[in-house]
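Single-structure report; data block below.
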Amino acid sequence: MNAAVTTELRLISHWIGGETVKGGSGRRGPVYNPALGEQTGEVDFATPEEIDRAVAIATAAFADWRTWSLSKRADLFFRIYDLFDEHREDLARLLTAEHGKVLSDALGEVQRGLEVIEYVCGIPTLLKGSFSEQAATGIDVYSIRQPLGVVAGITPFNFPAMVPMWMWAPAIACGNAFVLKPSEKDPSASILTAELLKEAGLPDGVFNVIHGDKVAVDAILQHPDIAAVSFVGSTPIARYVYETGTKAGKRMQALGGAKNHMVVLPDADIDMAADAAVSAGYGSAGERCMAISVVVAVGDAADPLVEAIKERLPKVKVGDGLDPSSEMGPLVTREHRDKVASYLESGPAQGATLVADGRETAPDGDGFFLGVSLLDDVTPEMDAYRDEIFGPVLSVVRVGSYGEALRLVNENPYGNGVALFTRDGGVARQFQFDVGVGMVGINVPIPVPVAYYSFGGWKSSLFGDRHIYGPEGIDFYTRTKAVTSRWPDPKTSKVDLGFPQTR
Ligand code: NAD
């Protein structure tokens with residue numbers, strides 16, 4: 001394995017056709033250990049010619065891979081599952097080293113990705129078509145699902161193992177060949193993934209990794225031999241990727257950013273809601289697309305809730321993700337930490353109350369740390385409310401009624417996740433009916449659907465018409481073919497120039 005964690009500066013190169021391929025562009029990006037604030041590696045940035053090469057190799061591999069029987073593919077995916085299970089800690093350590101998330105959280109990420117691999121072990125059932133016998137006299141009609149060809153995935157920094165698994169596992173199980181362009185900020189997990197897939201027995205060329213920036217992304221979006229692209233990242237780039245890819249004739253799904261609200265009604269269990277707000281607001285340093293960013297405190301819930309959240313904050317242990325006592329790690333880069341910290345200036349300047357200032361509680365040293373931060377009395381016009389902060393800054397918006405809370409959520413341009421905390425089943429049911437958000441939690445703060453449902457937001461959180469993984473993932477990576485079939489029956493055979501009738 002060449003993806004071991006070391007403190008030396010190491011080069012992370014592409015993976016094409018089952019082997020490491022050193023980049024030839026001369027352009028590279030830095031990779032950091034965010035807990036130490038030190039550069040630990042360099043990653044190659046691909047040229048369009050390198051993308052061409054990866055796609056040509058994937059195209060050649062696809063021709064054979066699509067002929068593998070479903071049972072052989074299922075056998076292989078069971079082996080892939082076992083191998084990733086065996087190496088879950090190796091993957092998690094790479095995530096902690098480059099992303100900064102604490103090891104327990106990194107293990108959780110790998111676990112949620114493994115569940116998608118487990119789901120696609122059932123690929124023979126998932127690809128079942130339909131059959132109508134005797135649709136017309138002597139004629140049967142059936143549909144079959146076929147792979148698209150070479151498909152690509154472009155992924156964000158915040159889940160460097162799991163989000164690629166959401167894509168490559170269903171894509172490959174469906175019979176496609178795959179080209180991954182992971183985030184340049186934490187690229188090593190994708191190389192360990194490639195090595196494990198090869199070791200499990202996946203034929204060379206079916207899974208390829210190309211590192212890079214906009215140059216690589218644009219080459220993927222314009223490549224004539226890439227049939228479909230899945231993207232996960234921020235909303236402006238998701239919109240660009242979706243529009244560019246669809247214009248080039250590709251099937252596209254592009255998942256974007258988020259601003260997730262947690263509505264707390266006065267009848268909610270305040271301690272449970274406060275535990276949930278702290279866990280979902282600061283877990284992974286708030287760098288989750290399903291993190292809670294805004295607590296919407298309704299009526300009398302506000303004072304006790306803010307007090308209960310505030311009480312919990314000094315107990316959150318912030319530190320190096322490899323220290324088992326740490327509950328929250330650093331942010332991914334220094335620039336991102338500084339951007340997140342800027343909301344602790346702009347929030348109060350625009351009228352919010354700074355209840356907890358993470359700049360004062362960040363651990364010493366060069367790491368990209370910011371402590372847990374809380375802004376109260378936030379209003380919808382403030383930057384802290386309008387922007388996706390993507391860091392450990394939780395905002396509290398106080399509203400007078402359930403209706404006001406619902407309106408706030410529905411008027412927000414994002415629609416990824418939302419949570420409602422209440423003891424009233426009737427209100428919860430009405431909320432699930434009314435709310436314009438793709439993933440809803442009832443007393444559950446981070447409602448990431450299990451692997452046999454599909455993941456995706458609404459509005460500016462997703463461009464395209466298919467959610468990711470689960471049944472919609474299988475739909476995305478296949479196309480159906482309808483066959484109308486008649487076998488010769490000499491008894492009924494005659495010449496008939498009329499339009500085929502169904503009776
Ligand atoms: P990002 O949009 O900066 O980068 C995502 C990918 O796009 C990376 O591979 C990157 O190299 C590439 N990219 C960046 N700039 C580009 C450009 N100008 N042109 C073409 N490609 C470009 O996102 P990020 O900072 O890596 O990840 C965090 C974002 O991802 C947050 O907004 C978060 O909400 C979102 N996210 C969404 C989901 C979801 O399921 N909706 C899941 C995880 C993360």
Side-chain angles (χ1 to χ4, degrees), residues 27 29 31 34 43-46 48 51 98-101 109 112-113 116 152-167 179-187 189-190 209-222 229-245 252-260 284-293 331-333 335-337 339-340 387-391 412-418 437-439 446-449 454-464 466-470 472-473:
R27 291 196 313 121
V31 177
V43 60
D44 275 320
F45 282 1
I51 305 279
E98 294 183 354
H99 173 285
K101 62 178 70 180
E109 165 175 355
R112 291 305 297 258
V116 174
I154 300 164
T155 53
F157 80 82
N158 66 325
F159 285 107
M162 179 187 78
V163 168
M165 284 172 178
W166 289 358
M167 300 175 182
V179 176
L180 173 64
K181 205 303 282 171
S183 169
E184 65 278 30
K185 297 193 176 98
D186 40 21
S190 61
V209 182
I210 283 287
H211 298 290
D213 55 359
K214 183 171 165 50
V215 173
V217 170
D218 286 341
I220 287 171
L221 296 175
Q222 299 297 347
V229 179
S230 301
F231 172 91
V232 175
S234 59
T235 288
I237 312 294
R239 185 181 283 116
Y240 165 78
V241 162
Y242 181 77
E243 289 175 0
T244 311
M252 299 294 301
Q253 63 179 176
L255 284 76
K259 192 77 183 175
N260 304 313
S284 202
E287 291 173 324
R288 291 180 183 140
C289 64
M290 290 292 275
I292 291 297
S293 177
L331 285 105
V332 68
T333 58
E335 296 68 38
H336 186 53
R337 190 266 317 271
K339 172 93 200 314
V340 172
D387 297 351
E388 180 187 31
I389 299 178
F390 221 56
N412 194 280
Y414 295 104
N416 214 40
V418 69
V437 172
M439 293 172 283
I446 306 185
V448 175
S454 297
F455 180 108
W458 287 10
K459 303 192 281 185
S460 294
S461 295
L462 183 138
F463 302 91
R466 286 280 185 276
H467 290 192
I468 207 162
Y469 72 71
E472 295 193 42

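In listed order, ligands and their atoms are each counted from 1. Starting from 1, each residue takes its place in the sequence as its number.
The single protein non-hydrogen atom nearest to atom 39 (C) of ligand 1 is Cys289 SG, 3.4 Å, given as residue, atom name and distance. With respect to atom 8 (C) of ligand 1, the closest heavy atom belonging to the protein is Thr155 O, 3.3 Å. Nearest non-hydrogen protein atom to atom 2 (O) of ligand 1 is Ser234 OG, 2.6 Å. Closest protein heavy atom to atom 43 (C) of ligand 1: Asn158 OD1, 3.3 Å. Among all protein heavy atoms, the one lying closest to atom 18 (N) of ligand 1 is Ile237 CD1, 3.5 Å. For atom 28 (C) of ligand 1, the closest non-hydrogen atom on the protein side is Phe390 CE2, 3.6 Å. Nearest protein neighbour of atom 19 (N) of ligand 1, counting heavy atoms only, is Lys214 CG, 3.4 Å. The shortest contact between atom 40 (O) of ligand 1 and any protein heavy atom is with Phe455 CE2, 2.9 Å.
Atom numbering of ligand 1 starts at 1 in the shown order; those under 4.0 Å from a heavy atom of Glu184 are 10 (C), 11 (O).
Compare Glu388, Met162, Lys259 by their heavy atoms: the one nearest to atom 34 (O) of ligand 1 is in Glu388. Around atom 5 (C) of ligand 1, the closest heavy atom drawn from Phe231, Trp166, Phe157 belongs to Phe231. Of the candidates Gly256, Ala254, Gly212, the one placing a heavy atom closest to atom 37 (C) of ligand 1 is Gly256.
Remark: side-chain polar atoms of His336 are paired, donor with acceptor, to backbone N or O of Phe390 under 3.5 angstrom. With hydrogens and angles ignored, the 3.5 Å screen pairs no side-chain donor or acceptor of Thr244 with any backbone N or O of Leu221. A donor-acceptor distance shorter than 3.5 angstrom exists from the side chain of Glu109 to the backbone of Met162, with no hydrogens or angles considered. Counting only distance, with no hydrogens or angles, the side chain of Asn260 and the backbone of Cys289 share a donor-acceptor pair below 3.5 Å.
Ring pair Tyr469/Phe455 is tilted by interplanar angle, where 30° to 60° counts as tilted.
Ligand 1 has no N or O atom lying under 3.5 Å from any N or O atom of Asp213, backbone or side chain.
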So Glu287 and Leu331, side-chain contact (heavy atoms from CB on, under 4.5 Å) or not? Walk me through it. CA-CA 8 Å; Glu287 291 173 324; Leu331 285 105; 3.6 Å; yes

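Partners of Phe159 by ring-ring contact (aromatic ring centres under 6.0 Å, His included), not counting sequence neighbours: none found. Take Tyr242 and apply the ring-ring contact (aromatic ring centres under 6.0 Å, His included) test, not counting sequence neighbours, and it matches no residue.
The shortest heavy-atom distance from Asn416 to ligand 1 is under 4.0 Å.
The closest side-chain heavy-atom distance from Lys181 to Ser190 is not below 4.5 Å.
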